[in-house]
Chemist: 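My questions will all concern the structure given below.
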Amino acid sequence: MKIKTLLVIALAAAVPALACAKKPKKAVEEAPVKAAPVVEEAEPTITEECVINVSLFHESVKNKMYADAYEPWWEVYSTCPNANKSIYSDGAKIVEALFQATSDPAEKDRLAKLAIEMQDKRIRYFGNDPKYPKAYILGEKGLAYVDFYGEAKLAEARECLQQSVVGMGVKSKVMVLVKLVDVSYALYKQDPSGSAEQFIADYELASNALADQSSDATNKNAEIAGKQKDYVDNIFAISGAADCAKLDEIYAAAVKDNLSNLDMLQKIAKLYKRVRCTESDVYFAACEAAHKLQPTDESAAGCASMAAKKGDYEQAVEYYDQAIKLAMIEDELEDVADYQYNAAFYCFNNLKKYPEARKYAQASIATLSGLGQTKGQGRCYIIIGMCYAATRLYGNDAKGTILNKTVYWAAVDKFVKAKQVDPSVEAQATEFINTYSRFYPTKEERFDLPNEFNGNTFYVGGWIGETTAIR
C-alpha cells in the first residue's frame with residue numbers, strides 16, 4: 001500500500017513539472033482531439049421486485065393509504081421509472097397527500113420539487129403514449145405548478161398549460177383549460193400593460209376548446225365544459241382586458257399587418273363580437289378584409305354594422321341578408337335569428353319599411369321556435385307591434401282618423417304576446433301596452449261608425465291584415 005501511495009504522489013508531482021517544461025523551438029503539430037462517442041443511457045431494468053412494488057403501492061393508493069404507498073412507490077420511481085404509467089398517476093396522488101399532511105417547510109419544498117420532476121420523468125419514459133402524450137403530461141405539470149407553488153411560479157405554470165392546450169386542442173382536460181385562464185389572468189393583474197395580449201390569446205384558446213367540448217353530445221364532460229366556459233367568460237368579462245379601447249390598442253396594428261391572413265382576421269372579428277365591441281373601427285376593418293377573402297356570416301354581419309355606423313342602412317340590411325344565408329349553410333341558427341332581428345330593427349327604425357321589418361321579425365321568431373327557444377322572440381313581437389303603431393292605413397279625413405286608431409289594438413296584441421312568450425321583455429312590453437292603449441278608438445267614435453264597429457272583432461286591413469278584438 002505504501003509503494004502505491006508513493007507512486008501516486010510521484011506522478012502528481014511530475015504533472016506540473018511536465019507542464020512547465022520548455023517547449024521545443026520547432027512547432028509540433030498536435031493530433032486532432034476526437035469527440036467522445038455519445039452513449040445513450042440504457043433503459044432501467046424492470047425487475048420482479050419492481051412489479052411487486054407496483055402492485056403494493058397501487059393497492060395502497062386504491063385504499064387511500066398514501067403513507068403506506070410511499071415506500072414501495074419510491075423504490076419503483078427511483079429504480080425502474082419505466083415500469084408502469086401508474087407510477088405517475090398514483091404518484092401524483094401520493095405526493096399531493098403527503099404534501100398536504102406535512103407542515104415541515106423543507107419537506108414541503110422537497111415534495112413540490114418531486115411533483116414537477118415526476119412529470120418530466122413521465123415525459124421521458126411515456127411521452128409517446130397515444131392517449132396521454134407529452135402535451136397531456138405538460139398539462140399535468142402546469143397543474144402541479146399551480147397546486148404546489150401557487151403564485152410563486154405562475155409563468156412556469158402558464159407556459160406548460162398553454163403548450164398542453166395547443167397540443168391537445170379540443171381533447172384538452174377541462175381543468176387544464178380553466179387553469180390556463182386563471183393563471184394567465186393572475187399574470188395579467190400583475191402586469192396589465194404587458195400581459196393583456198397574452199391573457200386575451202389564452203382566454204380565446206381555452207374558451208374555444210370549452211365551447212367545442214360543451215357542444216359535443218358524445219363528450220361525457222360536455223355539461224362540465226359548458227359550466228366552466230361560463231366561468232372563464234365571466235373572468236374575461238370582469239378582467240378589464242375586454243375593454244374595447246384596450247382591444248383596439250392591441251389589435252389595430254395586427255389587422256393592418258394581416259389583411260391577407262384570413263385565419264387571423266376571423267379570430268379577431270370573433271373576439272370583438274364575443275365581447276360586444278362591434279362598433280369598433282378595428283372590428284369593421286377586420287370584418288371587411290375577411291369578407292373580401294372569404295365571406296362568412298360573421299364577416300357579413302361585421303360589414304353590416306360598419307354600413308349602419310356610416311348611415312347606409314340599405315347596405316346594412318343587404319349585408320344581413322348575406323349573413324343569414326351563410327349562417328344557414330353552417331346551421332348556426334341562433335346567429336340566423338340575431339341577424340334576422342337586426343335586419344328587422346333597421347327596417348323599422350331607420351328605413352321605415354314596416355312590412356319588411358315584420359317579415360324579418362317573423363322569420364326570427366320562426367327560427368327561434370325551431371330551436372325551442374322563447375327568449376329573443378319577445379323583442380321581435382315588440383318590433384312588429386311598433387311597426388303597426390307607426391302605420392296609418394285609412395287616410396286623414398274624419399273617418400280615416402278614427403279607423404287609423406285601430407292599429408293600436410293590433411299593436412297591443414303583439415306587446416301582450418311579447419311578454420307572454422318572453423318574460424325578459426315584460427317591463428318594456430307593459431310600458432308600450434300602457435302607452436298605446438290610451439289611443440284606442442273611444443266609444444263615441446265607434447258609435448259614429450256603426451257599420452265598421454258592429455261586432456266584437458275588427459279586421460285591420462292594408463299590409464297588416466289581422467283581426468283583433470274591439471276594446
Chemist: Applying side chain to side chain donor-acceptor pair (under 3.5 Å), run through Gln340 and Thr367 and close with a yes or a no.
Modeler: CA-CA 9 Å; Gln340 289 166 331; Thr367 301; 2.9 Å; yes
Chemist: Return the minimal non-hydrogen interatomic distance between Leu265 and Ala290, and the atom names on each side.
Modeler: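 Distance-wise, the nearest heavy atoms are CD1-N, 3.8 Å.
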Chemist: Before you tell me yes or no, could you show the steps for His58 and Ile87 under side chain to side chain contact (heavy atoms under 4.5 Å, CB included), namely the whole-Å CA-CA distance, both residues' side-chain angles and the distance that decides it to 0.1 Å?
Modeler: CA-CA 8 Å; His58 185 63; Ile87 297 169; over 6 Å; no
Chemist: Can we say Asp120 and Arg124 salt-bridge, meaning some charged N sits less than 4.0 Å from an Asp/Glu carboxylate O?
Modeler: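 No salt bridge links Asp120 with Arg124.
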Chemist: Search all heavy atoms of Cys244 against all heavy atoms of Arg276 and return the closest pair with its distance.
Modeler: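 Distance-wise, the nearest heavy atoms are SG-O, 4.3 Å.
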Chemist: Ser164 side chain to Cys160 main-chain N or O, any donor-acceptor pair under 3.5 Å?
Modeler: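 Not at all, since once roles are kept as given, no pair shorter than 3.5 Å links the two residues.
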Chemist: Hydrogens and angles aside, do Ser280 and Asp248 bring a side-chain donor and acceptor to less than 3.5 Å of each other?
Modeler: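 On atom types as modelled, these side chains qualify, holding a pair under 3.5 Å.
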Chemist: In sequence, state the C-alpha distance, the side-chain angles, and the governing distance for Lys353 and Phe348, and then conclude on side chain to side chain contact (heavy atoms under 4.5 Å, CB included).
Modeler: CA-CA 6 Å; Lys353 292 184 175 181; Phe348 157 70; over 6 Å; no
Chemist: For a ring pair (Phe, Tyr, Trp, His ring centres under 6.0 Å) check, start with the C-alpha distance between Phe99 and Phe148, then their side-chain angles and the critical distance, and finish with the verdict.
Modeler: CA-CA 8 Å; Phe99 182 85; Phe148 289 90; 4.8 Å; yes
Chemist: Apply side chain to side chain donor-acceptor pair (under 3.5 Å) to Asn261 and Asn258, showing your working.
Modeler: CA-CA 5 Å; Asn261 185 338; Asn258 289 277; 3.2 Å; yes
Chemist: Between Asp191 and Gly194, is there a donor-acceptor pair closer than 3.5 Å when you use the side chain of the first and the backbone of the second?
Modeler: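 At least one qualifying donor-acceptor pair exists.
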Chemist: Under 4.0 Å between a Lys/Arg side-chain N and an Asp/Glu carboxylate O for Lys173 and Glu140?
Modeler: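 Counted as a salt bridge, because a side-chain N and a carboxylate O are separated by less than 4.0 Å.
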Chemist: With side chain to side chain donor-acceptor pair (under 3.5 Å) as the test, would you mind laying out the steps for Glu117 and Tyr77 before giving the verdict?
Modeler: CA-CA 11 Å; Glu117 175 201 278; Tyr77 178 76; 2.4 Å; yes
Chemist: Using a distance-only test with no angle check, is there a side-chain donor-acceptor pair under 3.5 angstrom linking Gln373 and Glu334?
Modeler: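 Looking only at side-chain atoms, Glu334 and Gln373 do form a donor-acceptor pair, the distance falling under 3.5 Å.
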Chemist: Suppose we call two aromatic rings close when their centres sit under 6.0 Å apart. Are Tyr408 and Phe439 close by that rule?
Modeler: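 Yes; Phe439 has its ring centre under 6.0 Å from that of Tyr408.
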Chemist: Is it true that Arg110 and Glu107 make a salt bridge, defined as a side-chain N closer than 4.0 Å to a carboxylate O?
Modeler: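 Counted as a salt bridge, because a side-chain N and a carboxylate O are separated by less than 4.0 Å.
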Chemist: Ignoring hydrogens and angles, write down the donor-acceptor pairs under 3.5 Å from the side chains of residues 317-325, residues two or more places apart or on other chains.
Modeler:
from, atom 1, to, atom 2, distance (Å)
Tyr320, OH, Asn342, ND2, 3.3
Asp321, OD1, Tyr360, OH, 2.7
Asp321, OD2, Tyr360, OH, 3.2
Gln322, OE1, His291, NE2, 3.1

Chemist: Between Lys227 and Glu223, does any NZ, NE, NH1 or NH2 come within less than 4.0 Å of an OD or OE carboxylate oxygen?
Modeler: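 The answer is yes: the pair qualifies as a salt bridge.
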Chemist: With sequence neighbours left out, write down each residue that passes side-chain contact (heavy atoms from CB on, under 4.5 Å) with Asp331, or none if nothing qualifies.
Modeler: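 By the side-chain contact (heavy atoms from CB on, under 4.5 Å) rule, Asp331 matches Leu333.
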Chemist: Cationic tip of Lys189 within the cone over Tyr185's six-membered ring, i.e. under 6.0 Å and within 45° of the normal?
Modeler: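 Judged by the rule, Lys189 and Tyr185 form a cation-pi pair.
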Chemist: Are Arg471 and Asp413 ion-paired here, with the side-chain N under 4.0 Å from a carboxylate O?
Modeler: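 The answer is yes: the pair qualifies as a salt bridge.
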Chemist: Check this for me: Lys134, atom NZ, are more than 12 non-hydrogen atoms of other residues, nucleotides or ligands nearer than 6.0 Å?
Modeler: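 No, the 6.0 Å shell around NZ holds no more than 12 heavy atoms from other groups.
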Chemist: Is the shortest distance from a Lys or Arg side-chain nitrogen in Arg158 or Asp182 to a carboxylate oxygen in the other one below 4.0 Å?
Modeler: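 Between Asp182 and Arg158 there is no salt bridge, as every charged N stays at least 4.0 Å from the carboxylate O atoms.
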Chemist: Under the 3.5 angstrom rule, does the side chain of Asn208 hit a backbone N or O of Glu204 as a donor-acceptor pair?
Modeler: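 Such a contact is found between Asn208 side chain and Glu204 backbone.
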Chemist: Kindly write out the residues that satisfy ring-ring contact (aromatic ring centres under 6.0 Å, His included) with Tyr132, not counting sequence neighbours, or none if the list is empty.
Modeler: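 By the ring-ring contact (aromatic ring centres under 6.0 Å, His included) rule, Tyr132 matches Tyr136.
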Chemist: For a ring pair (Phe, Tyr, Trp, His ring centres under 6.0 Å) check, start with the C-alpha distance between Trp409 and Tyr436, then their side-chain angles and the critical distance, and finish with the verdict.
Modeler: CA-CA 8 Å; Trp409 289 331; Tyr436 288 104; over 10 Å; no
Chemist: Do the charged groups of Arg379 and Asp422 touch, with an N to O distance under 4.0 Å?
Modeler: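 The answer is no: the pair does not qualify as a salt bridge.
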Chemist: Fit a plane to each ring of Tyr145 and Tyr149, take the angle between them on a 0 to 90° scale, and name the class: parallel (under 30°), tilted (30 to 60°) or perpendicular (over 60°).
Modeler: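 Answer is tilted, since the angle falls between 30° and 60°.
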Chemist: Would you kindly say whether the two SG atoms, from Cys303 and from Cys287, are closer than 2.5 Å?
Modeler: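 Not so, these two cysteines form no disulfide.
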Chemist: Compute whether any side-chain donor of one residue and acceptor of the other, for Asp104 and Thr102, lie under 3.5 angstrom apart.
Modeler: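 No pair is found: no donor N or O on one side chain lies under 3.5 Å from an acceptor on the other.
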Chemist: With a 6.0 Å cut-off on the ring centroids, do Trp73 and Tyr66 count as close?
Modeler: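 No, the ring centres sit 6.0 Å or more apart.
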Chemist: Could you go through the side chain to side chain contact (heavy atoms under 4.5 Å, CB included) check for Met386 and Ile384 one step at a time?
Modeler: CA-CA 5 Å; Met386 295 296 287; Ile384 297 172; over 6 Å; no
Chemist: Taking 4.0 angstrom as the limit, do Glu466 and Lys414 come out as a salt bridge?
Modeler: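 A salt bridge is present here (some side-chain N lies under 4.0 Å from a carboxylate O).
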Chemist: Nearest 0.5 Å, please: how far is CG in Leu293 from CD in Glu288?
Modeler: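 The CG atom of Leu293 is 11.0 Å from CD of Glu288, to the nearest 0.5 Å.
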Chemist: Between Lys153 and Glu159, does any side-chain N to carboxylate O distance fall below 4.0 Å?
Modeler: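 Result for this pair is no, no salt bridge flagged.
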Chemist: Quick check: closest heavy atoms across Ala429 and Ala418, and the distance to 0.1 Å?
Modeler: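 Minimum heavy-atom separation between Ala429 and Ala418: CB-CB, 4.4 Å.
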Chemist: What verdict does the salt bridge (charged side-chain N to carboxylate O under 4.0 Å, His left out) test give for Asp335 and Lys273, after you've listed the backbone C-alpha separation in whole Å, the side-chain angles of each residue and the deciding distance to 0.1 Å?
Modeler: CA-CA 12 Å; Asp335 289 335; Lys273 182 181 177 184; 3.7 Å; yes
Chemist: Could you tell me whether the side chains of Ser195 and Gln190 share a donor-acceptor contact shorter than 3.5 Å?
Modeler: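 No - no donor-acceptor pair under 3.5 Å links their side chains.
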Chemist: Is the Tyr394 ring parallel, tilted or perpendicular to the Phe458 ring (thresholds 30°, 60°)?
Modeler: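 Rings of Tyr394 and Phe458: perpendicular, as their planes differ by over 60°.
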Chemist: So that I can tick it off, tell me whether Asp90 and Lys62 are bridged by a salt bridge, with the cut-off set at under 4.0 angstrom between side-chain N and carboxylate O.
Modeler: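 Between Asp90 and Lys62 there is no salt bridge, as every charged N stays at least 4.0 Å from the carboxylate O atoms.
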